[in-house]
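The structure appears below as structure tokens.
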Amino acid sequence: MEAITKGEDGVILRNESFCIGCQACVIVCPWGAVVLDTDRDVAVSCDLCSGEPYCVDICPTGALQLASPKDISMKKRQFAAERIALSGPNTSAAVL
């Protein structure tokens with residue numbers, strides 16, 4: 001068993017008993033979601049509360065959402081398209 005594995009549902013699982021505090025996962029996490037708990041010298045990250053993240057349920061502003069990578073990718077594309085549409089015609093491009 002390894003300190004960090006990916007479950008069948010895509011959720012990243014941690015096994016603190018195998019963590020040696022090397023911080024390799026902290027360095028390579030592309031989202032900055034893994035941090036070192038210096039009191040216990042182990043890596044910690046969100047485990048999605050077994051699929052029902054409490055923080056999303058209690059967020060008073062609705063700023064937190066649980067989304068799949070596919071949903072996030074689609075939202076990024078929609079946001080980019082909206083920005084392009086709102087910026088108007090590209091006046092810096094030369095027409096030949």
Side-chain angles (χ1 to χ4, degrees):
M1 177 127 202
E2 298 176 8
I4 299 178
T5 57
K6 189 173 193 176
E8 290 181 19
D9 56 1
V11 174
I12 304 299
L13 306 168
R14 290 176 295 104
N15 186 332
E16 291 182 1
S17 63
F18 288 101
C19 180
I20 60 171
C22 70
Q23 299 187 51
C25 55
V26 175
I27 295 166
V28 300
C29 178
W31 299 280
V34 183
V35 295
L36 186 70
D37 179 341
T38 55
D39 292 336
R40 298 180 301 138
D41 201 29
V42 295
V44 294
S45 63
C46 176
D47 63 1
L48 298 176
C49 298
S50 300
E52 300 196 23
Y54 184 65
C55 59
V56 173
D57 292 341
I58 66 164
C59 181
T61 63
L64 298 176
Q65 298 177 12
L66 180 60
S68 72
K70 183 178 178 182
D71 292 339
I72 293 169
S73 179
M74 179 61 75
K75 286 184 182 194
K76 287 170 112 176
R77 281 192 233 115
Q78 287 173 339
F79 179 74
E82 289 170 8
R83 286 187 61 198
I84 291 168
L86 292 175
S87 67
N90 186 352
T91 57
S92 65
V95 178
L96 300 176

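Along the sequence shown, the residues carry numbers beginning at 1.
- Summarising the local packing, CD1 of Ile58 is surrounded by more than 12 heavy atoms from other residues, nucleotides or ligands at distances under 6.0 Å.
- When all heavy atoms of Cys59 and Ala63 are compared, the closest pair comes out as SG-N, 3.4 Å.
- The nearest pair of heavy atoms linking Cys49 to Tyr54 is SG-N, 3.8 Å.
- In summary, of the residues considered (Val34, Ile4, Val35), a side chain to side chain contact (heavy atoms under 4.5 Å, CB included) with Cys29 occurs for Val34 alone.
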Between Cys19 and Arg14, does the side chain to side chain contact (heavy atoms under 4.5 Å, CB included) criterion hold? Intermediate values first, please. CA-CA 8 Å; Cys19 180; Arg14 290 176 295 104; over 6 Å; no
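- Closest of all the heavy-atom pairs between Leu64 and Val56 is O-CG1, 3.7 Å.
- With rounding to the nearest 0.5 Å, the separation of CG in Leu13 from OG in Ser45 is 9.0 Å.
- Not a single donor-acceptor pair under 3.5 Å links the side chain of Ser73 to the backbone N or O of Lys70.
- When all heavy atoms are compared, the tightest approach of Asn15 to Glu2 is CB-O, 3.9 Å.
- The residue from Leu66, Ile72, Asp71 that alone fulfils the side chain to side chain contact (heavy atoms under 4.5 Å, CB included) condition with Ser68 is Asp71.
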